[in-house]
Number of protein chains: 2
Amino acid sequence: MLTERQRMILNAIVDDYIRSAEPVGSRSISKHGGIGFSPATIRNEMADLEELGFLEQPHTSAGRIPSTQGYRYYVDHLVKVSQLGEEELARVRSHFAMRMNQMEQIIQHAAMILSNITNYTSIVLGPEMFSNSLKVFQLVPLNDRAAVAIVVTNTGHVENRTISIPPDFDVTELEKVVGILNAKLAGVPLHRLQAKLYSEVGEELGRHVEHYESIMDSLAKALETDQEHRVFLSGASNMLTQPEFKDVDKVKMILDWLDETPTLMKAFASASAGIQVRIGTENDDDAIRSCSLITASYSVDGKSLGTIGLLGPTRMDYGKVISLLDVLSKDIALGLARWYK
Amino acid sequence: MLTERQRMILNAIVDDYIRSAEPVGSRSISKHGGIGFSPATIRNEMADLEELGFLEQPHTSAGRIPSTQGYRYYVDHLVKVSQLGEEELARVRSHFAMRMNQMEQIIQHAAMILSNITNYTSIVLGPEMFSNSLKVFQLVPLNDRAAVAIVVTNTGHVENRTISIPPDFDVTELEKVVGILNAKLAGVPLHRLQAKLYSEVGEELGRHVEHYESIMDSLAKALETDQEHRVFLSGASNMLTQPEFKDVDKVKMILDWLDETPTLMKAFASASAGIQVRIGTENDDDAIRSCSLITASYSVDGKSLGTIGLLGPTRMDYGKVISLLDVLSKDIALGLARWYK
DNA sequence: GCTAGCACTCGACGCTAGCGAGTGCTAACA
DNA sequence: TGTTAGCACTCGCTAGCGTCGAGTGCTAGC
């Protein structure tokens, strides 16, 4: 649909604009774009590209800037994704070289690397635990009124909460309770724990433990793990360095959006496998209509676990970001393999 | 040192400026300050107050604004701290009414309440665990190369990390290891765990477990809990709503400062018992020289556990903030008493 | 000791002119 | 027919200038 020359010009404009954040004029394309036509010719093509919807003019007598559609075409057909520099790659590698023994550490670290290298805001969704299953359940009494319940999943994730022990319940019986729960619930997916507790474990408990009814509620609470993704943010203040966001109100909207975990998760929900790019107005949320959101899911054994993403101005360095996300999502998967075996 | 009238005028100026964020003129004090002298008289006093260092003039022919010293005097002698409204108090109470079974939930919640009510940025340091002691140690094998180590403290705090198991170590021996560790280390303060592991436990392990040397390093790692405070932030974007921070660069500095956990901890380190107010240039850190940082420590049984704080412009609503921090720090202590018995 | 009056200061705002980057169009050229 | 040179035109940006007004400091009078 576009001629070769139009593609070259569009490419040059996007590249230039990504670099400079200023509307691109025909002259600078002619000179530095590596195309070699006169400004006048470029202008004619630019007028055509604008009519086709790929470019916009902030006002007459300013240069052109890419429209959402222009960026879209650029991302789909023109961008060169091999722009990951040597030092950056080394930086990523060196970060992952340190052996981390907490899953959260890896995730959080990844978020930090992302925002540091790109100067955008990184958003990382930790692995969801919906499909994980119970490995071990444990109760540690703190005093005669409270105990810590610990749930270990098959992926080595540990959840803990404090439950209260009813006054009529004998603390020394807890061990029995734990034994029965482990025997009955080991291997059960987290989201089925509570149902199973009532349907199958209650009866068994009744056979061996006095006053077991009084502690059932506490046990149910103990098994109610939040199966949601955890969200890690890094570099939110990077937004302030972007010239398009020198308007405080706009930044405020974006930062508030970032604070709203549920909204954020919804935006990530649509992220299917692989890398996804949502440019400007393609985003459902008004607050980030002037941003691009690029996400990549990481998976172990073909099973998608979570998502990493970058939020920046539409004028993003797509080539670099895409390759970085690609590399990093694979590295995270590698790092997590330890837990997911 | 100050006459009664000067105090009243200073008080009126600070109150007015806190409300309006604009330099206060003699006329508005005379009219709305509730003092009842003519502007000219007020002007004379203002000139004196300026000479004494309590007021500043952004430029000739603008009104006065309080200097750091002015705020200091206001906070020390003039502020009325009983300004916590009914609905706000109700809001705090209702938040704490919900029973929370994770310590972190309470802390994080508190941070959210603080920033929501005040529209400033809240910073909450979770309880440090330096002086906590080991209650129970647990190892859960994930596969034959890795296991999850779980440390439960006497306060019900749970730490976990994944350790690797050396190839020559028999997984079935782990139970024995756990037994010995619990027998030897229960009640030992967290910061002494590693030392004790080598000095006392190693030998005992050697008597009962083959190849115990190979797993010592992993065990040491498992016991190396980070005893630092955890930092919870909330409402960082509130900074953007303050008129004095409409300059993007200034905000950037502050947000970056907030991101730097170590620096932040240092600023909190000096926070002794009770409520502490650091106004503008009283802060050590350049980045927040235009801010005030108000901190309050929360303690159980007279033992200080952690700190909550608010960061805002020097033009802060000190009365409200101080009373709110006072209430909240006590509520947090109450909420945590469950764990600290 | 307080206040009315007044000259003075200085930032904020609005207006205008000039500049310059960039365009669109036309005509000439290969 | 595609490309280019030339040129008039547009329009945001900036600097300069005058006006306005809030607020001051000072002086004189009550």
> Passes salt bridge (charged side-chain N to carboxylate O under 4.0 Å, His left out), A:E282 versus A:R289? Steps please.
Replying inline: CA-CA 7 Å; A:E282 294 174 8; A:R289 279 281 166 84; over 6 Å; no

>> Show every side chain to side chain donor-acceptor pair (under 3.5 Å) that has at least one partner inside residues 55-67 of chain B, sequence neighbours left out.
In response: B:E50-B:R64

> Earliest and latest nucleotide of DNA chain D, 5' to 3', sitting under 4.0 Å from a non-hydrogen atom of chain B?
Replying inline: D:dA22 to D:dC26

> In whole angstroms, how far is the C1' atom of C:dG20 from the CZ atom of A:R27?
Replying inline: 12 Å

>> Before you tell me yes or no, could you show the steps for B:D76 and B:R72 under salt bridge (charged side-chain N to carboxylate O under 4.0 Å, His left out), namely the whole-Å CA-CA distance, both residues' side-chain angles and the distance that decides it to 0.1 Å?
In response: CA-CA 6 Å; B:D76 288 344; B:R72 169 53 60 196; 3.2 Å; yes

> Run the salt bridge (charged side-chain N to carboxylate O under 4.0 Å, His left out) check on A:E88 and A:K320 step by step: do they pass?
Replying inline: CA-CA 10 Å; A:E88 279 154 358; A:K320 184 171 159 185; 3.1 Å; yes

> Roughly how far apart are A:N238 CG and A:T118 OG1, rounded to 0.5 Å?
Replying inline: 6.5 Å

>> Let's see if you get this right: which residues in residues 38-50 of chain A place a heavy atom under 4.0 Å from DNA chain C?
In response: A:R43, A:M46

>> Side chains of B:T314 and B:S292: any donor to acceptor distance under 3.5 Å?
In response: no

>> Applying salt bridge (Lys or Arg N to Asp or Glu O under 4.0 Å) as the test, list every pair that has at least one member in residues 21-48 of chain B; sequence neighbours left out.
In response: B:R5-B:E45

>> Under a plain distance cut-off of 3.5 Å, with no hydrogens placed, do B:Y74 and B:D15 share a side-chain donor-acceptor pair?
In response: yes

> Which pairs, with at least one residue in residues 251-266 of chain A and sequence neighbours excluded, count as a side chain to side chain donor-acceptor pair (under 3.5 Å)?
Replying inline: A:K252-A:D256, A:D256-B:S237, A:W257-A:D285, A:E260-A:T263

>> Side chains of A:R315 and A:Y71: any donor to acceptor distance under 3.5 Å?
In response: no

> To the nearest angstrom, how far is A:H59 atom NE2 from C:dG20 atom C1'?
Replying inline: 11 Å

> Near DNA chain D, which residues from residues 4-14 of chain B have a heavy atom under 4.0 Å away?
Replying inline: none

